[in-house]
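For reference, the structure discussed in these notes is given below.
The structure displayed is predicted, hence computed values, not measured ones.
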Amino acid sequence: VQLQASGGGLVQAGGSLRLSCAVSGLTFGNSAIAWFRQAPGKEREFVAGITCSSGTTFYADSVKGRFTISRDNTNYAVYLQMNSLNVEDTAVYYCAARRNSCFPRGQYDYWGQGTQVTVSS
């Protein structure tokens with residue numbers, strides 16, 4: 001199983017980025033997917049998650065109304081649209097998948113390598 005995250009970069013506060021996660025080797029339609037992030041000196045935290053059928057999404061309070069998670073079950077991809085970015089959003093962002101579970105909360109089985117997002121003031 002491989003999860004390849006991309007789309008990170010340097011952006012000014014107030015700007016936008018779109019992260020992508022390409023998934024292979026997994027029964028994608030049976031797997032909830034989520035984005036996590038880890039800032040320097042902090043623990044990894046849940047950012048957003050999506051059920052198998054895209055019917056339900058979950059967000060951390062800190063990103064609600066600014067970030068949108070979506071998935072393409074045809075192309076085995078997950079996206080995180082991030083708007084109104086602020087310096088507190090600076091972190092390495094990871095996509096993760098659950099094996100044979102459609103609910104995005106709980107233990108994650110597979111992780112991508114992460115993509116750096118840096119927001120400057």
message = Counting only heavy atoms not in Q2 (residues, nucleotides, ligands), do more than 12 fall under 6.0 Å from its CD?
response =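 Not buried by this count: 12 neighbours or fewer within 6.0 Å.
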ask   = Does the side-chain contact (heavy atoms from CB on, under 4.5 Å) test come out yes or no for L17 and L85, once each step is laid out?
value = CA-CA 8 Å; L17 281 175; L85 285 161; 4.2 Å; yes
ask   = Partners of R18 by salt bridge (Lys or Arg N to Asp or Glu O under 4.0 Å), sequence neighbours excluded?
value =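 Expected list: none.
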query = Which residues pass the salt bridge (Lys or Arg N to Asp or Glu O under 4.0 Å) test with E88, sequence neighbours left out?
reply =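 Residues passing salt bridge (Lys or Arg N to Asp or Glu O under 4.0 Å) with E88: none at all.
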request  = Please lay out, stage by stage, how D89 and R66 fare under the test side-chain contact (heavy atoms from CB on, under 4.5 Å).
outcome  = CA-CA 11 Å; D89 296 316; R66 300 188 299 122; 2.8 Å; yes
Please say yes or no: joined through hydrophobic side-chain contacts below 4.5 Å, possibly via intermediate residues, are [X] and [Y] part of one cluster?
X	Y	result
L3	W111	no
I33	V1	yes
Y94	V78	no
Y79	V23	no

Between [X] and [Y], which heavy-atom pair has the shortest distance, and what is it?
X	Y	result
G8	T115	N-OG1, 3.1 Å
Y108	A32	CE2-O, 3.9 Å
N73	S53	ND2-CA, 4.5 Å
G114	V92	CA-CG1, 3.8 Å

query = Do Y93 and Q116 have side-chain heavy atoms sitting under 4.5 Å apart?
reply =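 No, too far: nothing below the 4.5 Å cut-off.
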Applying side-chain hydrogen bond (donor to acceptor under 3.5 Å, both in side chains), can you list everything that pairs with [X], at least two apart in sequence or on another chain?
X	value
S16	N83
Y110	R99
S101	R98
Q113	none

ask   = Going through the distances and angles, do S120 and L10 end up as a side-chain contact (heavy atoms from CB on, under 4.5 Å)?
value = CA-CA 7 Å; S120 63; L10 174 64; 4.3 Å; yes
ask   = What residue pairs, at least two apart or across chains, pass disulfide (SG to SG under 2.5 Å) with a residue in residues 56-85?
value =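 For residues 56-85, and leaving out neighbouring residues, there are no disulfide (SG to SG under 2.5 Å) pairs at all.
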Disulfide (SG to SG under 2.5 Å) contacts touching residues 73-114 (sequence neighbours left out) =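 Matches after skipping sequence neighbours: C21-C95, C52-C102.
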Trace of the side-chain contact (heavy atoms from CB on, under 4.5 Å) decision for V117 with L19 = CA-CA 9 Å; V117 171; L19 304 184; 4.0 Å; yes
ask   = Who passes ring pair (Phe, Tyr, Trp, His ring centres under 6.0 Å) against F46, sequence neighbours left out?
value =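 With sequence neighbours excluded, F46 shows a ring pair (Phe, Tyr, Trp, His ring centres under 6.0 Å) to F36, given in chain and number order.
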query = Listed by chain and number, what are the ring pair (Phe, Tyr, Trp, His ring centres under 6.0 Å) partners of F28, not counting sequence neighbours?
reply =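 So F28 forms a ring pair (Phe, Tyr, Trp, His ring centres under 6.0 Å) with Y76.
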Show the atom names and distances, to 0.1 Å, of all donor-acceptor pairs under 3.5 Å that link a side chain in residues 55-63 to residues at least two apart or in another chain.
from: Y59; atom 1: OH; to: I69; atom 2: N; distance (Å): 2.9
from: D61; atom 1: OD1; to: K64; atom 2: NZ; distance (Å): 3.2
from: S62; atom 1: OG; to: R37; atom 2: NH2; distance (Å): 3.4

query = Which pairs count as salt bridge (Lys or Arg N to Asp or Glu O under 4.0 Å) when at least one residue sits in residues 74-83, sequence neighbours excluded?
reply =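 Of all non-adjacent pairs touching residues 74-83, none passes salt bridge (Lys or Arg N to Asp or Glu O under 4.0 Å).
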ask   = Under 3.5 Å, side chain of T90 to main-chain N/O of T118, donor-acceptor pair present?
value =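 No; judged by distance alone, with no hydrogens or angles, the pair does not exist.
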